[in-house]
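We number each residue from 1, following the sequence as shown. Just so you know, these numbers come straight off a predicted model, no measurement behind them. Atom set for the values below is all heavy atoms of this structure, side chains included, hydrogens, waters and symmetry mates excluded.
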Amino acid sequence: QVELVESGGGLAQAGGSLRLSCAASGRTFPSYAMGWFRQAPGKEREFVTAIMWPSGSTYYADSVKGRFTISRDNAKNTVYLQMNSLNPEDTAVYYCAARQSPGMTSHPTNYDYWGQGTPVTVSS
């Protein structure tokens, strides 16, 4: 069992930055992939980014490429999402997820554990 707790969400202005954290506990690392997803009101949950273990390879949705950066600190069992150049379309609840099987996937059903989500609101 893996428990994930997100933090760092809040309100930002367009063009601003936020950093989200996801602390993992329980049967923790390594998870083969740690990902961030987001869900805006009335929309489906969508893939944002993922980081693989042990390679450290990263993957990004086209909509956030060049603006968002995922990283992980294995010593702290924590994954981070640095979000820069935010725009109102980034407004959503952001979820951290862990995948316990090898291989990269952007589909949320292929992730085994989820955090409770942290809201991000970007004002114009």
Side-chain angles (χ1 to χ4, degrees):
Q1 187 72 17
V2 176
E3 295 184 356
L4 304 173
V5 179
E6 303 98 334
S7 61
L11 179 64
Q13 291 188 335
S17 299
L18 286 173
R19 189 175 84 151
L20 307 184
S21 299
C22 173
S25 62
R27 181 178 174 267
T28 53
F29 289 178
S31 293
Y32 286 98
M34 294 293 296
W36 287 96
F37 291 77
R38 67 187 182 185
Q39 189 165 16
K43 294 187 177 181
E44 294 185 352
R45 191 167 299 188
E46 66 173 0
F47 171 78
V48 176
T49 180
I51 186 166
M52 309 303 292
W53 184 90
S55 67
S57 297
T58 57
Y59 300 85
Y60 295 92
D62 288 342
S63 59
V64 306
K65 202 171 294 183
R67 300 188 298 121
F68 290 10
T69 302
I70 189 172
S71 61
R72 64 191 292 169
D73 185 334
N74 289 343
K76 295 182 178 180
N77 290 344
T78 300
V79 175
Y80 303 98
L81 179 61
Q82 178 67 44
M83 305 187 295
N84 299 329
S85 302
L86 286 163
N87 59 62
E89 289 71 37
D90 296 317
T91 296
V93 177
Y94 283 71
Y95 297 89
C96 176
R99 172 172 163 82
Q100 300 298 86
S101 301
M104 165 60 194
T105 175
S106 61
H107 203 289
T109 61
N110 292 325
Y111 285 75
D112 303 292
Y113 300 100
W114 291 84
Q116 82 288 350
T118 185
V120 170
T121 302
V122 183
S123 62
S124 57

Legend entry - Parallel, tilted or perpendicular: rings of Tyr111 and Phe37 (30°, 60°):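 Judged by the thresholds at 30° and 60°, the geometry between Phe37 and Tyr111 is perpendicular.
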Legend entry - side-chain contact (heavy atoms from CB on, under 4.5 Å), paired with Leu18, selected from Val120, Asn84, Leu81: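 Filter result, single survivor: Val120.
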Is there a side-chain contact between [X] and [Y], using heavy atoms and a 4.5 Å cut-off?
X      : Y      : value
Gln100 : Tyr113 : yes
Leu4   : Tyr95  : no
Trp114 : Cys96  : no

Value rounded to 0.5 Å, distance of [atom1] in [X] from [atom2] in [Y]:
X     : Y      : atom1 : atom2 : value
Leu20 : Glu6   : CG    : CD    : 8.5 Å
Trp36 : Thr118 : CH2   : OG1   : 7.5 Å
Met34 : Thr78  : CE    : OG1   : 9.0 Å
Lys65 : Thr58  : NZ    : OG1   : 9.5 Å

Quick one: does [X]'s side chain have a donor or acceptor within less than 3.5 Å of a partner on [Y]'s backbone?
X     : Y      : answer
Arg99 : Ala33  : no
Glu46 : Arg38  : no
Thr91 : Val122 : yes

Legend entry - Nearest heavy atoms of Pro88 and Ala14, plus distance in Å: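 So the minimum-distance heavy-atom pair works out to CD-CB, 4.3 Å.
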Inset, instruction - Please check if Trp53 and Tyr80 belong to a single hydrophobic cluster, counting links between Ile, Leu, Val, Met, Phe, Trp and Tyr side chain heavy atoms closer than 4.5 Å. - result: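 No; Tyr80 is not reachable from Trp53 via cluster members.
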Inset, instruction - Determine whether Met52 and Val48 fall in the same hydrophobic cluster, where Ile, Leu, Val, Met, Phe, Trp and Tyr are linked whenever their side-chain heavy atoms lie under 4.5 Å apart. - result: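 Cluster IDs for Met52 and Val48 differ.
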Legend entry - Thr105 side chain to His107 side chain, donor-acceptor N/O pair below 3.5 angstrom: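 There is no such pair between these side chains.
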Inset, instruction - Walk me through it: do Met104 and Ser57 pass the test side chain to side chain contact (heavy atoms under 4.5 Å, CB included)? - result: CA-CA 10 Å; Met104 165 60 194; Ser57 297; over 6 Å; no
Inset, instruction - Look at atom NZ of Lys43 and say whether more than 12 heavy atoms of other residues, nucleotides or ligands are closer to it than 6.0 Å. - result: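 Atom NZ in Lys43 is not crowded, with 12 or fewer foreign heavy atoms closer than 6.0 Å.
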Legend entry - Ring centre gap for Phe47 and Tyr59 strictly below 6.0 Å: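 No.
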